[in-house]
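Every chain is numbered from 1 and lettered A, B, ... according to where its sequence line falls, protein lines coming before strand lines. Just so you know, these numbers use all the heavy atoms, side chains as well, and skip hydrogens, waters and symmetry mates.
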2 protein chains.
Amino acid sequence: MKEIRIADVARLAGVSTATVSRVLSDPDKVRQKTHDLVMEAVRRSGYTPNSTAQKLRTRRTMNVLVVAPRLTNPVFAETLRGVDDELTQSGYGIIIGNLDNRREREARYVDLALSRQVDGVLLLTGYIPENGTRSMRESGLPIVAMCAAIDDDMIPNVVVQDREASRRAVEYLARLGHRKFGYISGTPGSIIESERFGGFLEGIAAAGLSQDEIVRWEGPFVFSTGVAAAESFLQMTERPTGIFAACDESAIGFIKRVRSERVRVPQDVSVIGFDGIELSDYTEPTLTTFRQPLHELGRAGADTLMKLIRKEMKPGDWNVRLPLELLERDTTGPVLHKDYKSLRRATI
Amino acid sequence: MKEIRIADVARLAGVSTATVSRVLSDPDKVRQKTHDLVMEAVRRSGYTPNSTAQKLRTRRTMNVLVVAPRLTNPVFAETLRGVDDELTQSGYGIIIGNLDNRREREARYVDLALSRQVDGVLLLTGYIPENGTRSMRESGLPIVAMCAAIDDDMIPNVVVQDREASRRAVEYLARLGHRKFGYISGTPGSIIESERFGGFLEGIAAAGLSQDEIVRWEGPFVFSTGVAAAESFLQMTERPTGIFAACDESAIGFIKRVRSERVRVPQDVSVIGFDGIELSDYTEPTLTTFRQPLHELGRAGADTLMKLIRKEMKPGDWNVRLPLELLERDTTGPVLHKDYKSLRRATI
DNA sequence: TTGAAAGCGCTAACAC
DNA sequence: GTGTTAGCGCTTTCAA
């Protein structure tokens, strides 16, 4: 089976290759009669343009690279859908750069950018990938950061207000009368974790509290981190009454564990999560949390990249910071001092 | 920032473009001194070859398309890792075609193949994708089917022996004395389901039993299908003693539900699953099941495609059928008629 | 409205 | 060992 080239179609239709090309890319530039003639030839021959040749000639690949730490993470998956929606609309394809949490896999995608297999890059990593020698930045391609701000004039940030929301979480608990706080962390060292913890501390300071008053439990962004935090919590004699978990999974883990020891939520302890995953609305009691606008984030990031690629904006032109929505549900409530003390006697 | 081309490097090193190309692709063909000279120029200029131009010239994209029904399915995820291992070794990249269970998404990937953006295709779909007008087959690209056999001389099958294993499952239960069987299906209409049910029926026939003796519960490949099957099972007066579930998830759902009604596994009912997912070894009791050689499947499929691309084999040359391994664990055992009857009186 | 021709950046014959 | 040169298949001036 021989490859069909544009010249074959041109010959079949009795026109030049230029005309065939015009019919396929901009039909209005061609007489109706010619158009029909060419389309018939295309159909008869089963011609599809060779995309590599198109790319070389137009110097556009119509592909965008999306680099993510780990695909199975539902947060990234949902963001990716937003990206997909926007990009598909603009006729762009997506090449997924899945790091699978291993930094050595970055090199591959740096090379992809350097060798111009994509027209732009969306970073869900929080940092700029490197291949040992060179950074993706050197590709000169438009890049948009979509997971924590990257401090680089050439890279617009389209992010969620993690820090602000974390601060608001503390304010919210403080307004309910809470004075003693617990913080369940996410993956130590990750950008998201440090943003959220930073916001949490800001909230503590704003409430006029000392950092000595808080308890911090460390662990990755998973259910069991919350369970471990709960174990520690249950051992304490002076328990915090307001718990902020850096992700819903650990909030849910925490609640499940303390409830099994007859600690009441929210009467004895208020818990607020982060992310607004689907499950948070199905738990008993339903989880108070911040909903991340992931789909919007995906769309906004992709939209920004499109503008950058089309040179409709310059990198410094704007930084988007999307707000999170507080979902006031049933795991938070006012402090009830008496109940809390009697409970402590009963369960310790 | 101007693009650096091979001519720039050539000028910088004082050699021809052909020499630069040789240094980069086949260093042995060039004198050591020239090699060093060129490499220095490459480093100084920060040159990376334009991959689109390479592709057009060599007529190879060094990319393979992998089409999968749904990425979040752990079965596909694990197969994909095997594919990745093999392909990376050969210097090939992967373009993931995720259908997300929506057939209309096929078109995109058919076009990808037709426009020659890949050198070959790995199908985890069980059928050949189409775009409404044309089939991926018309691309003329090498294709390998890795999920149920596709009956096409041009497409080698590298598959797992679903049918045989299902038959063996029944044989195994029959050997333990079971005569009354239940079948918990997977997604109705899917190729995998029909293969497994087909094998199950073969086993029933081979055991000299009638199809009237069996109970079949329908539902997708998920946990809740097993739970629903269990509800139905619990209502029965003449319960089957041997249950074959078309996937581990539903086997686990079934077991969990019946155990909560004091039905003992395996004393009252034997259950055998399919796939050998990680969880199957963590349940209580541990699940008897067939382990799918997913990683090997991925490697074998990718290896076959590589051979096809390199023209080291013709499509009809071989069809691989990988056997599944029976993991005899704790949810299967001999029939105990007496216990079973007394139990029935107690729980109904 | 259409055609001729140049050239995107690279590799691989072929010649030296 | 190295250079010269002819394309890979397409789009896009430019001229008619």
A:D26 atom CG is separated from D:dT11 atom P, nearest whole Å, by 12 Å

Quick check: do B:C147 and B:L123 have side-chain heavy atoms less than 4.5 Å from each other? no

Distance, rounded to the nearest Å, where B:K29 contributes NZ and C:dC14 contributes P: 14 Å

Check whether any side-chain heavy atom of B:D100 lies under 4.5 Å from a side-chain heavy atom of B:R105, and answer yes or no. yes

Would you classify B:S25 as touching base, sugar-phosphate or nothing, given that sugar-phosphate means primed atoms plus P, OP1 and OP2, and contacts are heavy atoms under 4.0 Å? nothing

Six-ring centre of B:Y127, B:R103 cation under 6.0 angstrom, axis tolerance 45°: yes

Please list, by residue number, the residues of residues 39-63 of chain B whose heavy atoms come closer than 4.0 Å to an atom of DNA chain C; answer none if no residue qualifies. B:Y47, B:P49, B:N50, B:A53, B:Q54, B:R57, B:T58

Rounded to whole Å, please give me the gap between CZ in B:R22 and P in C:dC10. 15 Å

Selection residues 124-136 of chain B - residue pairs positive for salt bridge (Lys or Arg N to Asp or Glu O under 4.0 Å), sequence neighbours left out: B:R134-B:E138

Is the phosphate of C:dT2, meaning OP1 or OP2, less than 4.0 Å from a side-chain N or O of A:T34? yes

How many angstroms lie between atom CG of A:D111 and atom CD of A:Q117, to the nearest 0.5 angstrom? 9.0 Å

Between B:R5 and B:D8, does a salt bridge (Lys or Arg N to Asp or Glu O under 4.0 Å) hold up when you go through it step by step? CA-CA 5 Å; B:R5 293 166 358 275; B:D8 301 323; 3.6 Å; yes

Measure CZ/A:R116 against C1'/C:dG9 and give the value in whole Å, please. 12 Å

What is the separation between atom CD1 on A:I6 and atom P on D:dC8, rounded to the nearest whole Å? 14 Å

Give a yes/no on whether any side-chain N or O of B:T19 is located under 4.0 angstrom from OP1 or OP2 of D:dG3. yes

